[in-house]
Each structure stands twice: as structure tokens, then as C-alpha cells.
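Here is the structure we will look at, set down as C-alpha cells.
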Amino acid sequence: MVTSAQLEDVTGLDRYSLIRQFKACFATTPHRFLVMRRLQRAKLMIAQGEPLAAIAAETGFADQSHLNRHFKQAFGITPGRWADMIRPHHSPPVPRIVG
């Protein structure tokens with residue numbers, strides 16, 4: 001992961017100038033950009049059926065609750081609800097009438 005200090009060193013800008021320039025180019029702060037990339041990766045892992053606690057750890061969130069808060073803030077639903085929405089739903093079998 002790239003730190004803000006590393007970005008400052010590479011660009012030669014102070015923290016506040018860096019944030020202003022970043023926002024001008026990407027319409028968001030560097031931190032929000034990073035969080036959204038992590039959430040996109042989490043969505044891919046959810047689609048692959050990975051457990052949410054493992055996804056949270058793998059994508060750099062402190063715990064599953066931390067992932068849930070950021071996910072809901074960004075997408076309006078929890079990761080569990082999103083997982084339910086993207087999984088194929090099979091209709092229950094139609095009972096056969098014997099007689």
C-alpha cells in the first residue's frame with residue numbers, strides 16, 4: 001500500500017496540495033479512492049463466495065464490521081445483502097400431484 005508520505009515524496013507536494021491536485025484529477029480524495037478500490041476488490045471476493053470475515057482481512061479492513069460500514073456507506077446495502085442479490089436464486093421445486 002502506498003502511504004501519503006510516499007505520494008508527497010514522489011510528487012514533491014505537501015499533503016494539502018497533493019489532496020487538491022488528486023481531487024482535481026479523480027474527483028475524490030486519495031483516501032476515498034483507496035477505500036473504493038478495496039471495496040471493489042471485496043465485491044469480487046464476495047461474488048467468488050469468500051467468507052466476509054476473510055474478505056475484510058484480505059482487503060485491509062480492521063474487521064467484518066468495518067467492512068460492513070464502509071460497504072453500506074458506499075453502496076447502500078450490506079455485503080451480506082449484496083451477496084444474496086448476486087447469487088443465482090433457484091425456484092423451489094414444484095410439488096407433483098400424485099393421484
Side-chain angles (χ1 to χ4, degrees):
M1 182 169 81
V2 177
T3 66
S4 58
Q6 289 171 321
L7 288 175
E8 292 166 28
D9 287 344
V10 169
T11 62
L13 299 171
D14 64 76
R15 174 181 300 172
Y16 304 104
S17 296
L18 174 64
I19 291 170
R20 279 194 302 276
Q21 294 294 322
F22 195 94
K23 281 181 86 169
C25 290
F26 296 102
T28 189
T29 64
H31 180 261
R32 187 70 183 150
F33 184 88
L34 176 62
V35 169
M36 291 307 295
R37 297 301 67 76
R38 290 165 49 201
L39 289 172
Q40 290 300 326
R41 183 161 179 237
K43 284 176 89 173
L44 291 173
M45 294 174 76
I46 291 168
Q48 294 170 349
E50 298 289 328
L52 292 177
I55 292 169
E58 183 71 23
T59 55
F61 292 96
D63 53 29
Q64 184 176 338
S65 178
H66 190 215
L67 168 63
N68 287 351
R69 280 192 310 275
H70 281 279
F71 198 98
K72 187 168 184 176
Q73 180 185 16
F75 305 119
I77 58 174
T78 65
R81 179 71 183 119
W82 189 77
D84 291 341
M85 290 173 52
I86 64 166
R87 289 189 185 122
H89 288 46
H90 300 286
S91 301
V94 177
R96 293 184 352 179
I97 299 175
V98 178

Sub-4.5 Å side-chain heavy-atom contact between Pro79 and Leu67 = yes
Flag yes if more than 12 heavy atoms outside His31 fall under 6.0 Å of its NE2 atom; otherwise flag no.
-> no
With hydrophobic residues grouped by side-chain heavy-atom distances under 4.5 Å, do Met36 and Ile19 end up in a single group?
-> no
Hydrophobic cluster identity match, Leu7 and Tyr16, side-chain contacts under 4.5 Å = no
Minimum heavy-atom separation for Arg38 to Thr59, with atom names?
-> NE-O, 2.8 Å
With sequence neighbours left out, the residues meeting side chain to side chain contact (heavy atoms under 4.5 Å, CB included) with Phe33 are Phe22, Phe26, Thr28, Arg37
Output all residues satisfying salt bridge (charged side-chain N to carboxylate O under 4.0 Å, His left out) with Arg41, sequence neighbours left out; order by chain, then residue number.
-> Glu58
Gap separating the CG atom of Asp84 from the CD1 atom of Ile46, nearest 0.5 angstrom | 10.5 Å
Shared ILVMFWY cluster between Val35 and Phe75, side chains joined below 4.5 angstrom?
-> yes
Should Ile86 and Leu44 be counted in the same cluster of Ile, Leu, Val, Met, Phe, Trp and Tyr side chains packed under 4.5 Å apart?
-> no
Do the ring planes of His70 and Phe61 sit parallel (below 30°), tilted (30 to 60°) or perpendicular (above 60°)?
-> tilted
Any Leu18 side-chain heavy atom under 4.5 Å of Arg15 side chain | no
So do the side chains of Phe71 and Trp82 get within less than 4.5 Å of each other, counting heavy atoms only?
-> yes
Non-hydrogen atoms of Gln64 and Ala53 that approach each other most closely = OE1-N, 3.6 Å
Roughly how far, to the nearest 0.5 Å, is the CZ atom of Arg32 from the NZ atom of Lys23?
-> 12.0 Å
So do Thr29 and Leu34 actually touch side chain to side chain, heavy atoms under 4.5 Å?
-> no
Following the transitive rule for hydrophobic clusters with a side-chain heavy-atom cut-off under 4.5 Å over Ile, Leu, Val, Met, Phe, Trp and Tyr, establish whether Val2 and Leu13 coincide in one cluster.
-> yes
